[in-house]
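Below, chain A is the first sequence line, B the second, and so on; all start at residue 1. These numbers come from the heavy atoms of this one structure, side chains and all, not from hydrogens, waters or symmetry mates.
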Protein chains: 2
Amino acid sequence: MVVYAGQGDPERTLALLWRTTGEGVKRRGPKPALTVDAILEAAIAVADESGLDGLSMRAVGERLGKTAMALYTYVPTKRELIDLMYDHAHADLIPDLPGGWRQAVETWSLALHERYLRHPWLLQVSHARPVLGPHEQTVLEKLLEVLPDVAVRATVNSLFSLVRGSARTIAEGQGAAADTGTSDQEWWAARSRLMNDLVPDFAERFPRSANMPPAEWDKAAREAFTGGLNLLLDGLENQTGRRDH
Amino acid sequence: MVVYAGQGDPERTLALLWRTTGEGVKRRGPKPALTVDAILEAAIAVADESGLDGLSMRAVGERLGKTAMALYTYVPTKRELIDLMYDHAHADLIPDLPGGWRQAVETWSLALHERYLRHPWLLQVSHARPVLGPHEQTVLEKLLEVLPDVAVRATVNSLFSLVRGSARTIAEGQGAAADTGTSDQEWWAARSRLMNDLVPDFAERFPRSANMPPAEWDKAAREAFTGGLNLLLDGLENQTGRRDH
DNA sequence: TCTTACTCCTTACGGCATAAGCTATTCTTT
DNA sequence: AAAGAATAGCTTATGCCGTAAGGAGTAAGA
């Protein structure tokens with residue numbers, strides 16, 4: 001399932017995202033035993049380990065030695081928690097980008113790609129509408145800084161699609177392997193055998209698909225990513241070149 | 001949340017996908033009151049209306065005048081049901097593709113894009129490993145038939161990423177609008193106002209993001225899609241042209 | 001006719017997010 | 001110092017979910 005982001009109470013969420021909640025102000029009542037950041041880190045740890053499906057308020061609370069309900073003092077709902085996790089996981093993402101725009105865009109894409117692979121659950125958070133958190137905003141801003149001034153929206157959209165799509169393919173392959181305990185080879189072998197029995201005319205009906213063996217998925221997917229990126233940047237260079245190259 | 005596909009009992013799932021279950025054979029016991037296809041259509045109707053989150057076995061059963069448990073006679077688990085829905089929704093998708101490869105790829109992409117928008121929940125089904133159903137396989141095969149023989153894997157991967165990514169953006173915008181009852185304009189206006197209050201220095205910190213207003217999202221996202229597609233195809237033509245053009 | 005295989009129901013279980021309400025804690029005001 | 005107010009974080013409860021278990025009825029084969 002997909003968790004839709006950015007649909008909670010906007011004011012509360014934005015305030016949490018940008019941490020505009022009065023920090024130094026003295027407040028009554030018992031000292032808070034937790035902080036939003038501690039919760040975020042626990043939640044991210046849970047999600048890294050068990051995916052977004054394993055992310056329950058109970059699980060996060062347990063990791064902090066609290067009950068699920070204790071979290072609701074800090075975070076209005078699970079939705080907002082995920083929004084916060086999402087933005088938090090985009091912190092300190094983009095390194096200094098090298099000179100030429102093409103190299104810079106490549107570096108940016110690889111950094112984002114890598115981050116997605118480190119936190120695969122990020123790919124399961126669908127931003128129905130942008131979360132508008134500071135860290136994600138920074139990621140976008142850095143890209144805009146280096147992008148040539150041609151077809152900006154199309155390029156941004158395509159880059160995000162490409163990076164997310166490729167990362168998804170890789171992450172899901174890995175996740176499936178981990179979940180089921182069967183490697184890609186084993187899984188594929190088992191399926192081939194079954195398909196041979198069940199659909200003996202497969203190769204006739206789908207000759208081209210049959211001719212495209214899976215190889216090592218992980219590697220193939222990575223190559224497909226850089227290959228696709230190159231295609232896209234070629235296309236962009238093509239349009240740009242006539243102006244400022 | 002994301003539903004992971006292709007992880008149930010492979011034999012049962014594949015048999016259901018390819019309908020190799022003995023159809024004409026006489027079976028004992030009461031006549032089945034349902035068929036897998038009827039369940040699929042009901043389930044797809046539910047998902048179209050309420051998304052994958054609203055898809056519960058109870059809801060599907062109710063639509064058919066049955067209980068949730070009645071479905072388990074036909075479908076082993078909800079997971080496999082979703083696999084079957086996924087493949088079913090890819091039926092009769094690709095029209096006859098026009099002559100030139102570039103036009104053919106464009107037509108293919110648009111058809112897939114459109115299908116995703118008709119059944120947005122498709123985008124929430126992540127194929128950890130391919131479902132390997134007949135209809136999805138046909139979609140892939142048709143693309144392979146027209147694709148030039150260059151960087152095939154990268155191109156296929158990129159095209160799927162681009163189509164899915166763009167469709168996701170559009171679908172989620174629409175979904176959010178429907179869910180929250182606020183239009184894009186209203187939503188954006190509200191956020192802008194809040195951001196102005198909470199983060200008054202936004203425009204200084206993120207000048208380029210601030211300069212990229214949201215416009216009409218739906219339209220912008222569609223243009224970004226065709227624009228990205230053109231970039232990609234330019235890149236591909238660049239590599240192909242030297243050979244067979 | 002009796003057995004067997006099958007459909008489809010009711011019931012039940014454990015897990016989920018979270019609403020409601022309670023208690024204990026700590027600051028502010030008197 | 002005492003009283004009041006606001007807050008943290010607990011327990012409990014509600015209504016969802018997927019689905020396991022088991023039972024009742026039905027139709028084909030022996």
Side-chain angles (χ1 to χ4, degrees), chain A residues 1-5 7-9 12-13 16 21-39 42-43 46-47 50-85 124, chain B residues 1-5 7-9 12-13 21-36 38-39 42-43 46-47 50-85 124:
Chain A
M1 307 269 182
V2 166
V3 174
Y4 281 95
Q7 301 194 324
D9 172 32
R12 178 87 192 266
T13 311
L16 278 169
T21 342
E23 295 266 309
V25 183
K26 286 208 169 175
R27 330 193 82 243
R28 294 188 185 177
K31 297 238 148 56
L34 297 175
T35 62
V36 173
D37 276 313
I39 292 175
V46 171
S50 337
L52 222 48
D53 287 347
L55 180 79
S56 69
M57 298 302 268
R58 284 166 174 81
V60 177
E62 207 161 318
R63 181 172 284 256
L64 293 163
K66 306 277 166 183
T67 67
M69 291 309 291
L71 308 180
Y72 282 89
T73 309
Y74 301 90
V75 157
T77 71
K78 189 183 178 186
R79 247 202 234 294
E80 342 272 319
L81 171 60
I82 293 178
D83 281 4
L84 294 176
M85 290 167 63
Q124 303 181 20
Chain B
M1 306 270 186
V2 164
V3 174
Y4 280 96
Q7 301 193 324
D9 172 32
R12 179 86 191 266
T13 311
T21 342
E23 294 267 308
V25 183
K26 286 212 170 173
R27 332 193 80 243
R28 294 190 186 175
K31 297 239 149 55
L34 297 175
T35 62
V36 173
I39 292 175
V46 170
S50 336
L52 223 48
D53 287 347
L55 180 79
S56 69
M57 299 302 267
R58 286 169 172 82
V60 177
E62 205 161 320
R63 181 174 283 258
L64 293 162
K66 307 276 167 187
T67 67
M69 291 311 288
L71 308 179
Y72 282 90
T73 307
Y74 302 89
V75 158
T77 72
K78 190 184 179 185
R79 244 203 235 296
E80 342 272 318
L81 172 60
I82 293 177
D83 281 5
L84 294 176
M85 289 166 64
Q124 304 182 17

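- What separates CE of M69(A) from P of dG21(C) is a distance of 13 Å, to the nearest Å.
- To the nearest angstrom, P of dG9(D) lies 17 Å from CD of E62(A).
- Here the CD1 atom belonging to I82(B) is positioned 4.5 Å from the CG atom belonging to L52(B), to the nearest 0.5 angstrom.
- When each of G65(A) and P76(B) is assigned the nucleotide of DNA chain D with its nearest heavy atom, G65(A) is the one assigned upstream, toward the 5' end.
- As rounded to whole Å, 9 Å separates atom P of dC17(D) from atom NZ of K78(B).
- Side-chain contact between L71(A) and L64(A) is present, with at least one heavy-atom pair separated by less than 4.5 Å.
- For dT7(C), the OP1/OP2 oxygens have no side-chain nitrogen or oxygen of Y74(B) closer than 4.0 Å.
- R58(B) has no side-chain polar atom (N or O) that falls below the 4.0 Å cut-off from OP1 or OP2 of dC16(D).
- At whole-Å resolution of the value, CZ in R79(A) and P in dA17(C) are 13 Å apart.
- Taking atom CG on L64(A) and atom P on dG9(D), their separation rounds to 11 Å, with Å as the unit.
- Within the 4.0 angstrom heavy-atom criterion, base atoms lie near T73(B).
- Put simply, CZ on R58(A) and CE on M69(A) are 9.5 Å apart, with the number rounded to the nearest 0.5 Å.
- Rounding to whole angstrom units, CG of residue L81(B) and C1' of dC17(D) are separated by 15 Å.
- In this structure, the CG atom of L55(B) is 8 Å from the P atom of dG18(D), given to the nearest Å.
- Residue T67(B) places none of its side-chain N or O atoms closer than 4.0 Å to OP1 or OP2 of dC8(C).
- Across all strands, M57(B) comes closer than 4.0 Å only to sugar-phosphate atoms, never to a base (heavy-atom distances).
- Atom CD1 of I39(B) is separated from atom C1' of dC8(C) by 12 Å (rounded to the nearest Å).
- Considering only side-chain N and O atoms, K31(A) lies under 4.0 angstrom from the phosphate OP1 or OP2 of dC27(C).
- Side-chain atoms of Y74(A) come within 3.5 Å of backbone atoms of L34(A) as a donor-acceptor pair (strictly under, hydrogens ignored).
- A distance of 5.0 Å separates NZ of K78(A) from CG of L55(A), quoted to the nearest 0.5 Å.
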